[in-house]
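Written out below as structure tokens is the structure these notes cover.
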Amino acid sequence: MNYDLITLVSKLRQVENLEQLKEVKELAESFLRREKNFALLTLMAVGEELGEEEITEPLEKLHRHLRGLQEDLKNDEKK
């Protein structure tokens with residue numbers, strides 16, 4: 001497991017006031033930015049190595065799936 005994620009969870013468990021919660025939120029946002037950047041760099045490297053089709057097709061499929069989930073959530077909220 002990622003050391004940064006373990007640290008984040010540990011700090012979250014120790015939150016006792018709003019100021020500490022704000023610090024944990026900032027840490028979480030930083031962690032997510034780093035992970036997103038790493039994921040994007042990985043996709044770019046795979047795209048260069050295997051070709052864009054290897055990346056674009058699965059991403060389009062994932063995008064359609066996520067849109068479907070989003071629509072399902074909206075429909076559930078309306079009920």
Side-chain angles (χ1 to χ4, degrees):
M1 186 178 258
N2 190 317
Y3 179 74
D4 290 334
L5 183 58
I6 293 169
T7 302
L8 178 63
V9 170
S10 174
K11 288 187 179 280
L12 186 58
R13 287 182 177 161
Q14 297 171 9
V15 169
E16 294 180 359
N17 60 46
L18 214 46
E19 185 61 35
Q20 289 175 336
L21 184 60
K22 182 179 176 184
E23 291 172 8
V24 170
K25 180 183 176 212
E26 290 170 1
L27 182 64
E29 289 171 349
S30 173
F31 171 74
L32 288 174
R33 274 193 304 277
R34 280 194 314 267
E35 291 299 311
K36 183 177 91 174
N37 288 338
F38 180 72
L40 290 172
L41 289 172
T42 301
L43 287 173
M44 289 170 62
V46 169
E48 283 184 22
E49 200 63 33
L50 301 176
E52 289 183 24
E53 299 81 27
E54 291 291 325
I55 299 297
T56 56
E57 290 176 18
L59 286 177
E60 288 172 358
K61 183 177 179 182
L62 177 62
H63 187 257
R64 286 191 302 271
H65 176 71
L66 292 174
R67 279 215 171 158
L69 290 175
Q70 187 178 28
E71 289 174 10
D72 290 346
L73 286 172
K74 286 181 183 178
N75 290 336
D76 288 346
E77 287 176 1
K78 290 180 182 178
K79 291 180 181 180

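If you read the sequence from its start, that first residue is 1, and numbering goes on from there. Computed from a predicted structure; not experimentally measured.
With values rounded to the nearest 0.5 angstrom, Glu53 atom CD is found 10.5 Å from Glu60 atom CD. We find the CG-CD distance between Asn17 and Glu23 to be 8.0 Å, quoted to the nearest 0.5 Å. For the atom pair Glu49 CD and Glu54 CD, the distance stands at 11.5 Å (nearest 0.5 Å). Note: Glu35 CD to Asp4 CG = 7.5 Å, rounded to the nearest 0.5 Å. Here the CD atom belonging to Glu77 is positioned 9.0 Å from the NZ atom belonging to Lys74, to the nearest 0.5 angstrom. With rounding to the nearest 0.5 angstrom, the CZ atom of Arg13 is 11.0 Å from the CG atom of Leu8.
When hydrophobic clusters are built by joining Ile, Leu, Val, Met, Phe, Trp and Tyr residues whose side-chain heavy atoms come closer than 4.5 Å, directly or via intermediates, Leu40 is not grouped with Phe38. In the hydrophobic clustering of ILVMFWY residues, with side-chain heavy atoms under 4.5 Å counting as a link, Leu62 and Leu69 come out together. There is no path of hydrophobic side-chain contacts, each under 4.5 Å, that joins Leu59 to Met44. Clustering ILVMFWY residues whenever any of their side-chain heavy atoms sit less than 4.5 angstrom apart, transitively, puts Leu41 in a cluster other than the one holding Val46.
Side-chain contact between Phe31 and Leu27 is absent, with no heavy atoms from C-beta onward closer than 4.5 Å. Contact annotation: the side chain of Thr7 approaches that of Lys11 to within less than 4.5 Å [non-hydrogen atoms, C-beta and beyond].
No donor-acceptor pair under 3.5 Å is formed between the side chain of Ser10 and the backbone N or O of Ile6. Proximity of a side-chain donor or acceptor of Ser30 to a complementary backbone N or O of Glu26 within less than 3.5 Å is not detected.
Smallest separation of non-hydrogen atoms from Gln20 and Gln14: OE1-O, 3.6 Å. Taking every heavy atom of both residues into account, Leu12 and Leu21 meet most closely at CD1-CD1, 4.4 Å.
The number of heavy-atom neighbours closer than 6.0 Å to CD of Glu52, taken from other residues, nucleotides and ligands shown, is 12 or below. Under a cut-off of 6.0 angstrom, the local environment of CG in Leu18 is sparse, with at most 12 non-hydrogen atoms contributed by other residues, nucleotides or ligands.
Taking 4.0 Å as the cut-off between side-chain N and carboxylate O, Lys61 and Glu57 do not count as a salt-bridged pair.
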